[in-house]
Amino acid sequence: MSYWLSIVVATPAHSNVAGALTYRSEWPLAPGCLVRVPLGRREVLGVVWQALPDSGGLPEAQARAVLGALDGLAPLSDTWRRLVAFTASYYQRSIGEAALAALPPQLRELSTLQLARRLKRPAATETLPPETTTDLTALSAEQARALTELDADTRPALLFGATGSGKTEVYLRAAAQVLASDASAQVLVMVPEINLTPQLQARFEARFAHLGKAQVVAMHSGLTPAQRLKSWLAAHAGQARLVLGTRMAIFASLPNLRLIVVDEEHDPSYKQQEGARYSARDLAVYRASIEKACRVLLGSATPSLESWQATETGRYQRLSMHERIGGAAQAGSLPAVRLVDMNHQPKHATIAPPLLDAISQRIARGEQSLIFLNRRGYAPVLACHDCGWKSECPHCSAYRVFHKIDRTLRCHHCGFTERVPRACPSCGNIDIAPMGKGTERLEEHITELLAGVTRPGGEPLRIARIDADTTRLKGALESQLASVHAGEVDVLVGTQMIAKGHDFRHITLVAAINPDSALFSSDFRAPERLFGLLMQAAGRAGRDAERGATSEMWVQTFHPQHPLFAALKKHDYPAFAAQELKEREAAGMSPFGFSALVRAEAREQAVAQGFLNAAAAAAQAQQLPGADAVTPYPAVPMTIQRVANIERAQMLVESPSRAALQRFLAAWQPLLHQTRQEGDFKSLIRWAIDVDPLAI
Ligand code: ADP
Ligand code: ZN
Ligand code: ZN
């Protein structure tokens, strides 16, 4: 007797094998079982999606049979499959692609036998005595209130807490409570970038050490495939009680999930940028809604405007913590914000004289300063003043950045690297010069400006730089951060990498050198990101309560009157949010409107744009469902139009209704596929839909 099953395998959305495939099996297999099946000439991993009543007309002789089941593993839960199905449909990809991408890669490669061996190894479940609560710090009044309020509600919760207000302690307590209430309960804690948050991981591990090592696991791309599989299996089997991970962890199989924490919920890294371009934050909210008795707790000092608006309308619960731990007694425990009007500073000054004075004074007092800039490298471009040549990348519509340390010109988009030419490649002038400043040049410049300034003991000062270039080697970031924590560094220069999350104790001055470009960006989320970044950066100053009162955040700007800075001066996120939301509402932008981008890549820009416009015209002609509430805009080149010799174009599709946009996209997909098959567009390299894109 044969059983008929629909099974999903990894097929990209754009291949013609889109949905689930029908297979025959000698044994009954429950939905959620992992199986190995033939696909073409290969043998691949599949997930049983549902049992079918019959072959659906497929002749028995043509049906392919399941080769084996990974029967040491319990089937993936209904909820997990719902999460995957939702992801596929919402983000316009195939279920197979979404499902298989959600599993650890090694699972795909292991044979049934190898897996069986791995499963047999018993996990070390030492049960240590539960942690006693007496040695824990007492909660602040605001923390206690947040936890009580959280307990009394069931909606998704947003913990709106100033930097240093002790959000992590709230996560820890909420997690501890869930774990204590039910011996099988599981908690998922998501962080934006695990490499930037070793401190958080350490805190969770320390707090839940009593659960035993096997019960707290990490899930992120920094793990080896074997470690990832191990964590995944522990979570799937219910042994891991607490999973700490990056966005991919939202798909962990957690049969008894009771709480999802999303730390720094506004962080753009929660959005996947390839394949199914999901938002792990949004999926966390969805997942909590379909799990049995699961809460979701989002946290941020500068929430995404989407989440903030949801608390305004009451869809989410808002928990507020305004005061920094230990800083409540002092007036103004958040750093004072000083705007430097660059219109009144010496021309071409990178660091305004008053800021330089302030930094020198900190050094003399033995305090640290942090200066950040959004550009790594020495100088953004190298230019010839005779003929106007600039260090353009031959493969991209972008300039290559001058890295002085190894005298190279490096493209930050395609990676193309060359030694700096001795003379201008276009006119032979040997006097080619750097233009603008990156972190490397800023470090050098500051070193010159501060020559002669010494530490309190008279020793020479130390300047350090942290950015993607200085932290390429494994462990480099940790050791550099350690020397900052140890007080060995007086001035820290870096990119926004250092402005986020780190718990620096001795920094009392933070300076943003050149934040203006985000004020007038074509990307409507740029002000939100800038405000969040500056608030985050301000949060790095004066984390030590004793120094909180004298700490400062300096911002150099040509637009000191901008309302964004007015809100920043008062550390007033709600005022900023109210102002931004008003503008977004008037413009029908997120969260008041919904959008998707369709991107296309080709050797020629005309092909990429032509494809998008032709597909939009076909949608128009066919009156697709939802089309009356959806506006497609004409295709345009992407901001960085060419990368690695590939031309890129995009089309924005907007709607005031999420449902209409979803209906429209689902109906449009087959038309996009069809358009691609037509004469002119066969040369298209790829296209993809990005739903709820972060940058437009
Ligand atoms: P946030 O994540 O909100 O920026 P943290 O959770 O990092 O803040 O807390 C800031 C600092 O305050 C940390 O060093 C933390 O250990 C400490 N802290 C948190 N809660 C308490 C408390 N109730 N009592 C004493 N210290 C606390
Ligand atoms: Zn020249
Ligand atoms: Zn390039």
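Along the sequence shown, the residues carry numbers beginning at 1. Remember, it's 1-based here, ligands and their atoms both numbered in the order they're listed. Just so it is clear, the values below take in all heavy atoms, side chains as well, and ignore hydrogens, waters and symmetry mates.
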So that I can tick it off, tell me whether [Y] and [X] are bridged by a salt bridge, with the cut-off set at under 4.0 angstrom between side-chain N and carboxylate O.
| X | Y | value |
| --- | --- | --- |
| E367 | R365 | yes |
| E312 | R318 | yes |
| D690 | K271 | yes |
| K167 | E264 | no |
| R155 | D153 | yes |

Would you say [X] touches ligand 1, if touching means a heavy atom closer than 4.0 Å?
| X | value |
| --- | --- |
| A301 | no |
| A138 | yes |
| M321 | no |

Taking 2.8 Å as the cut-off, does an N/O/S atom of [X] lie below it from the Zn ion (ligand 3)?
| X | value |
| --- | --- |
| H413 | no |
| H412 | no |
| C396 | yes |

Parallel, tilted or perpendicular: which fits the ring planes of F531 and Y573, with parallel below 30° and perpendicular above 60°?
->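 Tilted.
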Quick one: sort the H395 and F416 rings into parallel, tilted or perpendicular, breaks at 30° and 60°.
->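 Answer is perpendicular, since the angle exceeds 60°.
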Can you tell me the angle formed at the Zn ion (ligand 3) by SG of C393 and SG of C414, to 10°?
->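 With the Zn ion (ligand 3) as the vertex, the angle is close to 110°.
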Any side-chain donor paired with an acceptor under 3.5 Å for E265 and S304?
->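 Note: E265 and S304 side chains meet the donor-acceptor criterion.
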R247 and Q272 side chains, donor-acceptor separation under 3.5 Å =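 Short answer, yes.
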With heavy atoms of [X] as the reference, note each atom of ligand 1 found under 4.0 Å away.
| X | value |
| --- | --- |
| L139 | 23 (N) |
| S165 | 3 (O), 8 (O) |
| T163 | 4 (O) |
| T168 | 2 (O), 5 (P), 6 (O), 7 (O) |
| A162 | 3 (O) |

Whether over 12 other heavy atoms sit under 6.0 Å from E604 CD =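 12 or below, so no.
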Check whether any N, O or S atom of H385 sits under 2.8 Å from the Zn ion (ligand 2).
->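 It does not; every qualifying atom lies at 2.8 Å or beyond.
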Proximity to ligand 1 by part of I325, non-hydrogen separation under 4.0 Å |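 Just the side chain.
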Looking from the Zn ion (ligand 2), what is the angle between SG on C427 and SG on C387, to the nearest 10°?
->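 The two atoms subtend 110° at the Zn ion (ligand 2).
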With the Zn ion (ligand 2) at the center, what angle do SG from C384 and SG from C424 span, rounded to 10 degrees?
->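 Centred on the Zn ion (ligand 2), the SG/SG angle is 110° (to 10°).
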Counting heavy atoms only, which of S140, A144, G299, G166 is nearest atom 5 (P) of ligand 1?
->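 The residue whose heavy atom sits nearest atom 5 (P) of ligand 1 is G166.
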So which of R324, K167, R203 gets nearest to atom 7 (O) of ligand 1, if we judge by its closest heavy atom?
->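 That would be R203.
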Can you find a pair of side-chain heavy atoms, one from L188 and one from L257, that are under 4.5 Å apart?
->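 In contact.
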